[in-house]
Amino acid sequence: MCGIVGYTGFRLAVPVLLDALANLEYRGYDSAGIAVVECGKLKIFKKTGKINNLKELLKNKILSSSCGIGHTRWATHGVPEERNAHPHINDDCSFAIVHNGIIENYDLLKKKLNNQFFRSQTDTEVVAHLLNKQLLNKALTETNILKSLKLVCDDLKGSFAFAIVFNKFKDKIFVAKRSSPLIIGVGKNENFIASDIPAILKWTNKVIDLKDNEFGIISAQKVEIFDCNLKIKKFKIREENIKAEQIILNGFDCFMHKEIEQGAEAIQETANKVFNNTLLEQLVNKKQNINKIHICACGTALHAGLIAKFLIEKYCRKDVIIDFASEFRYKNPIINSNSLCLFISQSGETADTIAGLELAKSKGAFCIAITNVLGSRITQIADFVIPTFAGPEIAVASTKAYVAQISALLGFTKFLFKKEDIEIDYNLQDIYNICDWWKNTNFDEVILKVVKMIKDLDSVFFIGRSVDYYVAQEAALKLKEITYIHCEAFAGGELKHGSLALINDKSVVIVILTQSEILEKTLNAIHEIKSRGAKIVMFSQFLQLKDFADLFVRLPNKNQNLMPLVCAKPLQTLAYLTSKTKGFDPDKPRNLAKSVTVE
Ligand code: M6R
């Protein structure tokens, strides 16, 4: 949430900062701003809304600066207005600061700043004034700035990645970090800072990962990193594998569309790696004492976890306890050294998931992270990492990462309790078959008919039983997230216990039916719905059920365990096409951001 960038080098800073920010826009798009050091003065520009508005503002400005910082905001403290946009400044505008994270004790700190005048409602401005206070009556040297910054950071509770520029230093950016991501991009006679790789990939793929409680001074020629005691540190430069073309639209109308199409590759690449992961096999063999499995995640990642719960309980006959990370971290979960905890996160940054992981570790559980971002915070804490290979996911709505997570979990389940001679009746070839089908199938025609039925409704309901209920939950989340239609998923058997009261002759109920064992039971629910005059859209491979539906979306007849993967393509397409038809931008839904790094 929120993206920060910085540039120092030989290029004009403004276009670099704007370009870099545009590639971080998925982290927040309530407002954006930059600060550049121009002839010994700081120039600050801010605009509400998307980066394009800021670009427009700067269109005719001539700025020769080659050093600056930028920010794209997802509002936490303070409404999305210009005064709350970053960068924030101290009283005499001698420095400007951008921040990604959240200062939990900002209110208390603000009160301590007695008569201070505040221009904004943000937690970040408090940090600017605290730093100003520390610097008062001190010579503005690099050492004094670092010392003062450290003292400020010591008083902060919460998460932060800061980048600061001073009018006195024409090519230096000061940085500090705790719990929010910050990378330094290393170039030739130029250096960058950013919250995430896509921001800087156009110029360099050489990256330093700043660690928690580290500080840095970045200039065009030099990068210096300091530990928590401000001792200079050696650092590693790694090469990032993501290619610049992976983060451009390449002819697609939006990233969500592109990423749905990339689902097949994400599933295949991930399955390939996980099913052949000998380290995972050895690990699972060593962990035969495990008596309890917990899964903890948020949003779509949690829905992938639900599918794993279904598979593990079905085949391994072990209880799987699944929790929203935001609940897990506060419920005092019953875990110990015989517990295996799985944490699933596309970004590897989600604050609640990370907090859950830290908690499970402190209780001695063995913790596995499933993530799409190697090097992310989750990978630094977990005992074992199962990477997914979806490639960078830019759209806020998770699509290819979700199917990659399911693919990884299918592999994980295969290894799990292998010793107990349990026959699991799906294999790598079954998954490859689904990938081929995915690449060669287009649902647009039939899905547009569904779109027509639902686009003007206030509510859309989904039902399913068993694993289909989990698929329905994900479908409802995806649709509501980018169309702003109220969507809810019900377990088929639960309708008559209350929710049926919502159904009338205007309602459309989307039924997911892919499991033969619950076919007849789901039909009962369909009858109940139809008797109230509602319309049924059915997603199923059971052609014999066609006549029960007002609209039937035919699925291929694949291995039943893999049907959640199959369902993902038409259901993601439904969300995408409904969003487009309603005139929204599927990539940037209102009020949301891609990485939820705050609680
Ligand atoms: O990065 P994570 O997988 O931890 O993110 C978890 C959720 O915030 C995320 O899946 C969210 O629900 C998606 N926007 C849904 O499409």
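Predicted model, so just to flag it, every value in this text is computed and none were measured. We're numbering straight along the sequence, starting at 1. For ligands, and for the atoms within them, numbers begin at 1 and follow the listed sequence.
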Under 4.0 Å from any heavy atom of [X], which atoms of ligand 1 are there?
{"X": "S398", "result": "15 (C), 16 (O)"}
{"X": "G299", "result": "12 (O)"}
{"X": "A301", "result": "3 (O), 10 (O)"}
{"X": "V396", "result": "13 (C), 14 (N), 16 (O)"}

[atom]: which protein heavy atom is closest, and how many Å away?
{"atom": "atom 9 (C) of ligand 1", "answer": "T300 N, 4.1 Å"}
{"atom": "atom 8 (O) of ligand 1", "answer": "V596 CG2, 3.9 Å"}
{"atom": "atom 3 (O) of ligand 1", "answer": "Q346 N, 2.6 Å"}
{"atom": "atom 7 (C) of ligand 1", "answer": "C298 O, 3.6 Å"}
{"atom": "atom 1 (O) of ligand 1", "answer": "S347 OG, 2.6 Å"}

Any [X] side-chain heavy atom under 4.5 Å of [Y] side chain:
{"X": "D319", "Y": "K292", "answer": "no"}
{"X": "I208", "Y": "I183", "answer": "no"}
{"X": "L357", "Y": "T353", "answer": "no"}

Residue-ligand contact S595/ligand 1, heavy atom below 4.0 Å =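 So S595 does not count as touching ligand 1.
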Do ligand 1 and [X] have nitrogen or oxygen atoms that lie under 3.5 Å from each other?
{"X": "A397", "value": "no"}
{"X": "T353", "value": "no"}
{"X": "S345", "value": "yes"}

For atom 2 (P) of ligand 1, the option (of I482, V373, I378, T350) bearing the nearest heavy atom | T350
Does the distance from a Lys or Arg side-chain N to an Asp or Glu carboxylate O, for [X] and [Y], drop under 4.0 Å?
{"X": "D585", "Y": "K50", "value": "yes"}
{"X": "E25", "Y": "R27", "value": "no"}
{"X": "D19", "Y": "K202", "value": "yes"}
{"X": "D323", "Y": "K331", "value": "yes"}
{"X": "D383", "Y": "K361", "value": "yes"}

Quick one: look at E481 and ligand 1, take heavy-atom pairs under 4.0 Å, and tell me if it's side chain, backbone, both or neither.
->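 The answer is the side chain of E481.
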Just heavy atoms, cut-off under 4.0 Å: does K478 contact ligand 1 by side chain, backbone, both, or neither?
->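 For K478, only side-chain atoms sit under 4.0 Å from ligand 1.
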Checking side chain to side chain donor-acceptor pair (under 3.5 Å) against N372, which of K400, Q346, E393 comes through?
-> Q346
Kindly compute the distance separating OG1 (T204) from CD (E239), expressed to the nearest 0.5 Å.
-> 8.0 Å
